[in-house]
Structures are given as structure tokens and as C-alpha cells.
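Here is the structure we will look at.
Hydrogens, waters and symmetry mates play no part in the numbers below; they use all other heavy atoms, side chains included. Residue numbers start at 1 and run along the sequence shown.
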Amino acid sequence: MLMTDFLHKVDQLAVSMNKEQLVGFIHNEARILNEDDRREFLTRLSEFADSAKKPKDNEHEQAFDLSSLYEKLDLIRIGEAVLTSECNEEYDDWYNDEEDPYIYHDTEHIADTVLSACQMIHTLTDWEKYDDALQLAETLLELNIEVESEYEDEETFYLGDLFEHELISADYEKIILDMLYAAYMALPLPKRAETIYRFMELSECRGINLEKLMQHSDRELPHIPEFLDCWTEFLCNQSGSLTESLLRESVAMIADNEKLVHYAEKYGAVHPCIYDVILEKNPFADTKKAVQTGIRALEIIPAHYTIRSNVALMTAKYALISNDTEKAEYCWLEAFRSCPTATNLLRLMTMYGNFSEIEQEIRAIISAHSTNKQQSAYVPGKANELNSYYFGNEDKYRLLFLLGDYMDVLQKGMKAQKSLGWSYTFLKCGIPLFFLLMYNNTRLNGAMLKMCTTASEYMSFHAEDYCRGTQQSENNDTLLFWDLFQQTRCPEKLSDEERQKIMEKLTALTELRTNLIVSEQKRGYYNECASYIAALGEVLESHGQNGSKQALLSAYKSKYPRHSAFIRELKNYGLK
């Protein structure tokens, strides 16, 4: 439960209680405390009682002389005080050593100066001198620290680097929270959000969020509802991964449904995570309202964002609760449009009322993704909400196989010029799929169970993902995949000649792969080869050729009599 919701409920209950009831509650909480927690409880209770008696004019306030501290910081800023570095001879990047490649020296006590400034910010906020604390925080976060080296060009350190390289041993997150607290208390509402966001960016302390800031001080932050509105509006006009995480939190804290819809309508196209959070939270009393919101989201969010698929599936769930199967089917199709995975296709093929009605549209979506591939290049700081699904040739062949284009996939997707280099090709997924297609039985045993597990893994199939957007519940990936595969496969489409071609291809690929793997003693692939041999035999036996599996296993044992590790793998699949 978010802090804003939690505090709201606590406040409601507290207001409804009289003094005797509140005293009784505190007494009961104290009574059931563990002995180790009692002293801390008394301390907190005593501090809270003392804070109520504290003079408002802060009669004990002391004066602070910050001039000498700023003088030291200015020497660092202009490069009069610097760090030095040398190569760490114990560092070895070949072994991904956790050691720092450089050793840093602080002969001019820069770290001590910076730590003193951090401690001063805490003291200033403690004494409610927020303007001074804010100014010092600005100075520290914008401070450039030169690092001189005999071997490399000069580096520049910032505040976070001193903590990352352990030149300062202190809780960096608490220090940044002190700075954010000072900014919150010192600045007027219109400037508060921008400064807090800038501090978060400069600090690069990614674990920080609004809830941690709200919990940071003994004093409760004032005017949180008003700030939350400004904060959300400000974040909606920013971008990047930091923005997304903070925006998700702020939207989840908003209790006013009209405001939620306003932000979604206004910013949903550039920040689709707003709709994602709203539907996850579902603040609407009526699920039909949630469905309307979700459908509107699918109209607003650009189709190529993968987050749109998540929104579609959540909307489908609410549609089914509302007994609106038509809208649920529409959402399943839109989930596939934005994220054309095997899982999303299997859901459509097995749950859509009349799949033949949309098959051509499905093929058009596949064709569009095949010709307009989204780039998967890493973009630093890019928000997940703006990610697009990268659609490769393997994706295309997986989907076309499920749609029954077996011979086309066999011809174009199952090419193997070499015995190695099969990773990141369709072969690794295609061989198990074709074995499953040709298997003339409903029960999976031995190698065919392995084929089913392998195929589902290469298709990134998970039962939990399939059940999203439905009212089903399943937790066994392999068994569910096999059940769905049996519902969707169409071996009757194949002529006898085509079946023969598939079996010849599987036999040739098994032999090609095994010959090089075993002859070059690539032991990590022995199990894979043995599973192909056993699967080939199990498929033949399912068509009435009894004894085929044992005959194939024995033939390969005879071919490689001196490779004991390979023979052990054959025995794992039934070699006698």
C-alpha cells in the first residue's frame, strides 16, 4: 500500500477515535512489542512528545559560519585541490575483476571537505535553516572535482563518484534525501518540483523516490496533495527512465479519479505508463469504466510501444469480468499488434471465438513487423515505456509455424550450412517444433518431453503470460504449451510426400549436428544431440515403427564407441 493511501486511512481512523481509544491503542501496541524494540519505542514516543513542546521561535538556534567551508569547496571547484590516480596492478578485466582499475589518492583531503559539507546540510535542515542547506546542496551537486593521472587524460568526478569509489564512507542516499528535504522546505510550490527533479538527476541516486522523501524526516512534509499535483504535471513534461519510475509512483498516489483521467488523456501518448498504472491500480468502482479507460488507452498509445500490449491485456481482464467477450477479443488482438509474440498468438488461436476471421489481419501484422523492424539498440536513459518489440527472422518463423505454414518454414527457416553456429537462428527452436508436429501421440515421455520444454523456452512461452488478460490460472509452462500446441497444430495439412520431407530433414539435421559435436568433443552439446536422436526414434515409434528409438541410440553408440560421455547421454534417453 502506498504511503499516501496508508496515511489517509490511518488519519481517518485516528480522527474517529477519542482520547481514551487512542491511549488504549498505544498501550496495546506497547504491550505486544518484543523486548528488543521497547527502548526504541519509548525514545520515539518521548521525542514526539518533546517536539510538541518545542518553542516555535527556536530559542536555542545557533549561528553557522559557512564561509570557511565555501572557501575549501571553491578551491576544489577551480582545480586548486585535486585527486590523483594510478593504475591498479591487481585489476584484471579478463576475469571481470571487481577491483577498481584505478587507485585514487586524496592528499588534499577533498573527501573530508565534502563529507563535512554533507554533514552541515543535515545540521542546517535539523535547525530549519533550509535556505542555507539548499544553497550548500546546490554547490555540492554541481561541484566538479578534477582527477589527475600520469597515464590517462584527466577525469572529472562528481559527488556520487566519491561514494562509488569509496573515498567517502557514508550513506549516500540519506545525504541526497537531506538535500531534497531542504529543497522541499525552502522553495515555493512552483519551483519545488523542478529543483527536486534536478537534484535527483545530478545525484544519480536511482533508488530515491517521493515516498522515501516523505519518510525521511521526523517532521511531516507540508502540503503534499498540492505538491503531488505540481510534481505529476512537471514529470509529465519530462522524459527518460528516471521520469518513468517517478511518474508511476506519483500517478499511483493520486486518489482523484478525474485527475487520473485528465493526466492520461493529456499525456498518455508520450507517457503510456500513466494508463498502465491506472489499470493496474483500477480505482474505478465499475469494471466497465476500467474497460472504457483501457479502450481509450489503446486508441491513444502508439501501436509500436510494447507497454500497449500490457494495457490491452489488463483491459481484456476487466472486459471478461464485465462479461464483454467481444472487447476482450479486441484487446487480445491489440496485444498481439503491439507485441507479436508466440504467447500472444497462441492466446488468440485458442481463445478467440472465430480465429479464421482475423487470420489475414494477423498475417498482415507479421508482415508489417518483418519489413519494419524496430531497432533494439541500447539508448542510455531511455524509458521502458517507450520500448518497441524487436522482431527478428526467428520471431517470424515461430509465428508462421504456429499458423501452419510448415513447408514454407521448413524451406526458409531450417537452413543449416554448418554443424555449428546455430545459436540465434530458428533451428534451435524449429527442430523441437517439427518433432512435436510429427509426433503421433498425446503423451509426452523422455525425449519428446525435452523437445516440448526446449520449444517453449525458445518461444519465451510462460503460462503466467498466457493467462494474463484471461480468467485462467496455470503455472506449468511445459504442460500448458503442449496442450495449446495440440489444439493448434494441423498435421493433416501435410501430404505423405511432405511428411517424408520433414522426417528426412530432421534425420539429416540430427546427423549433421551430432557428427561434428561428438567428433570435436564439444561436450556441452552432447545432451542436445542425444535428445534429437531419441526424439527421432520416439516419433518413428509413434507411427508404428516399433524399436526405432533403441535402434537409433544403438547405432550412434556403435558409431562413437570411445566417447563415453556421449554414450552416458544416450543412456539417459533410454539406451540399453
### Any donor-acceptor pair under 3.5 Å from K505 side chain to M414 backbone
yes
### Query
With distance as the sole test, does S548 use its side chain to make a donor-acceptor pair with the main-chain N or O of G537 at under 3.5 Å?
no
Any chance the side chains of [X] and [Y] put a donor and an acceptor closer than 3.5 Å?
X: S356; Y: N354; answer: yes
X: Y318; Y: T293; answer: no
X: Q500; Y: D496; answer: no
X: Y275; Y: E280; answer: no

### Query
Excluding sequence neighbours, so at least two apart, what forms salt bridge (charged side-chain N to carboxylate O under 4.0 Å, His left out) with E329?
none
#### Entry: Of all pairs that satisfy salt bridge (charged side-chain N to carboxylate O under 4.0 Å, His left out), the ones with a partner from residues 396-406, not counting sequence neighbours
R363-D405, D395-R398
#### Entry: Option passing salt bridge (charged side-chain N to carboxylate O under 4.0 Å, His left out) with K428 (candidates E528, E457, E394)
E528
### Task
Mind checking the CG-CZ spacing from L484 to R489? Nearest 0.5 Å is all I need.
12.5 Å
### Query
What is the distance from atom CZ of R499 to atom CE of M407, rounded to the nearest 0.5 Å?
11.0 Å
Can you tell whether the side chains of [X] and [Y] come within less than 4.0 Å, N to carboxylate O?
X: E299; Y: R308; value: no
X: K549; Y: E541; value: no
X: R337; Y: E334; value: yes
X: D276; Y: R248; value: yes
X: K493; Y: E498; value: no

### Query
Do Y184 and F227 make the cut of ring centroids closer than 6.0 angstrom?
yes
### Task
Report the C-alpha distance between F426 and Y458 in whole Å, list the side-chain angles of each, state the deciding distance to 0.1 Å, and finish with yes or no for ring pair (Phe, Tyr, Trp, His ring centres under 6.0 Å).
CA-CA 9 Å; F426 178 66; Y458 276 107; 9.8 Å; no
### Task
Would you please classify the geometry between the F401 ring and the Y406 ring as parallel, tilted or perpendicular, with 30° and 60° separating the classes?
perpendicular
### Task
Please step through side chain to side chain donor-acceptor pair (under 3.5 Å) for the pair Y197 and T243, ending with a clear verdict.
CA-CA 9 Å; Y197 184 84; T243 299; 2.6 Å; yes
### Task
Among L536, L540, L494, find the one that has a side chain to side chain contact (heavy atoms under 4.5 Å, CB included) with M438.
L494
### Task
Check the surroundings of atom CD in E464: do more than 12 heavy atoms from other residues, nucleotides or ligands lie under 6.0 Å from it?
no
